[in-house]
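Read through the structure below, which is laid out as structure tokens, and then see the notes.
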Amino acid sequence: MSSRLLVVGAAGKMGKAVQAAASGRSDLAVSGTVDAGDDVVAALAGCDVYIDFSTPDATALAARAASRAARAAVIGTTGLTADANAALEALSNVAPVIVAANFSLGVNLMLGLVRQAARALGEWDAEVVETHHNKKRDAPSGTALAIAKAIAAGHGVEYAAVKRHARDGEIGARPHGEIGVATLRGGDVVGEHVAYFFGEAERIEIAHRATSRSIFATGALVAAAWLVGKPPGRYTMLDVLGLPS
Ligand code: NAD
């Protein structure tokens, strides 16, 4: 029997991609869709799991309603506010929740690779460059932040203590251990992320390039199907994919 899926942010680019990809699955059936102005409380009542690619405020709203209904949640919205994160934390006490800045298999593998590289190459300078289409609202991308945090984890430091999101003017020499994240915006680029590790006279680049947003929809659906029936709590794409965390 298929699980009932609600799509939040259904009229958006990702919401549409999720609905298109869901039609190819037998284990999930779209039971409802909501976008701005729709009644998310009523829609949640009729689902087993929901996938949310919307806005941080909409994500907070849906998570509060989902807490009351104890519904499993797959959250793809990026740039989450403290309010949205608090609502998702509360939801994870009563239902299984997965929040991922990027649902692609390749990116999740990349997170593991950069952490491993950072651990092995702690003395090397690590930088991240991300490129996205000219309509993207938040920067740096949630994926770039996840990559930078994976590097920080590999270095064994708190990301907040070493991050550098912009450089301009007389900035002086690069502090050792700093992790820079640079942003490019243009055209219709779906998403590109490159992690650089600069050593003396050598350099490693670990890159991921997405050419279709269908990869995010496919991953979110895999996560949704996996999440149904799991105990309340926070899960990651590494759990879904069975990769070591
Ligand atoms: P989009 O602007 O095309 O779609 C967002 C949709 O949310 C719109 O249709 C909007 O009307 C709707 N919305 C606004 N308020 C709402 C409300 N109260 N209730 C329900 N829906 C509401 O954006 P998009 O490109 O589809 O991206 C959506 C989000 O997903 C962004 O945060 C983006 O960064 C993120 N994203 C994440 C991944 C990932 O893999 N995690 C991949 C791509 C995009």
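Residues: numbered from 1 along the sequence shown. All ligand and atom numbering here is 1-based and tracks the order in the structure. Predicted model only: the values in this text are computed from it and were never measured. What's counted below: heavy atoms across the whole structure, side chains too, no hydrogens, waters or symmetry copies.
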For the aromatic rings, using the six-membered ring if either is Trp, is the centroid distance between Trp124 and Tyr196 under 6.0 Å? no
Considering only protein heavy atoms, which is closest to atom 4 (O) of ligand 1, and at what distance to one decimal place? Gly12 CA, 3.2 Å
Here the pair of heavy atoms bringing Asn108 nearest to Phe103 is ND2-C, 3.9 Å
Gly37-ligand 1 polar pair, N/O distance under 3.5 Å: no
Would Ala101 count as being in polar contact with ligand 1, using the rule that some N or O on each side must be under 3.5 angstrom apart? yes
Could you measure the distance from the CZ atom of Arg234 to the CG atom of Leu88? Nearest 0.5 Å is fine. 6.0 Å
Could you check atom 23 (O) of ligand 1 against the protein and tell me its nearest heavy-atom contact, residue, atom and distance included? Lys13 NZ, 4.2 Å
Which heavy atom of the protein is the closest neighbour of atom 31 (C) of ligand 1, given with residue, atom name and distance? Ser54 O, 3.9 Å
Between Glu130 and Arg185, is there a side-chain N and carboxylate O pair less than 4.0 Å apart? yes
Under 4.0 Å from ligand 1, counting heavy atoms only, is it the side chain of Ser104, its backbone, both or neither? neither
Just checking, is any N or O donor in the side chain of Ser54 or Asp52 under 3.5 Å from an acceptor N or O on the other one? yes
Pairing of Lys163 and Glu158 as salt bridge, 4.0 angstrom limit: no
For atom 34 (O) of ligand 1, what is the nearest protein heavy atom, given as residue, atom name and distance? Thr78 OG1, 2.6 Å
In this structure, atom 18 (N) of ligand 1 is nearest to the protein heavy atom Ala58 CB, 3.4 Å
Any idea which of His133, Arg213, Met237 brings a heavy atom closest to atom 25 (O) of ligand 1? Arg213
Heavy-atom pair with the smallest gap, counting every atom of Asn102 and Met237: O-CG, 4.5 Å
Check: Val181 main-chain N/O paired with Arg164 side-chain donor or acceptor under 3.5 Å: no
Considering heavy atoms of the protein only, find what lies nearest to atom 9 (O) of ligand 1 and give residue, atom and distance to 0.1 Å. Asp35 OD1, 2.8 Å
Starting from atom 24 (P) of ligand 1, which protein heavy atom do you reach first, and at what distance in Å? Met14 N, 4.0 Å
Report yes or no: does a heavy atom of Lys136 sit under 4.0 Å from some atom of ligand 1? yes
Counting only heavy atoms closer than 4.0 Å, does ligand 1 sit against the backbone of Ala100, its side chain, both, or neither? backbone
Between the side chains of Asp125 and Arg203, is the shortest nitrogen-to-carboxylate-oxygen separation below 4.0 Å, so that they form an ion pair? no
Any atom of ligand 1 sitting under 4.0 Å from a heavy atom of Gly79? no
Ile75, Val40: one ILVMFWY side-chain cluster at the under-4.5 Å cut-off? yes
Specify the protein heavy atom at minimum distance from atom 37 (C) of ligand 1: its residue, its atom name, and the distance to 0.1 Å. Gly76 O, 2.9 Å
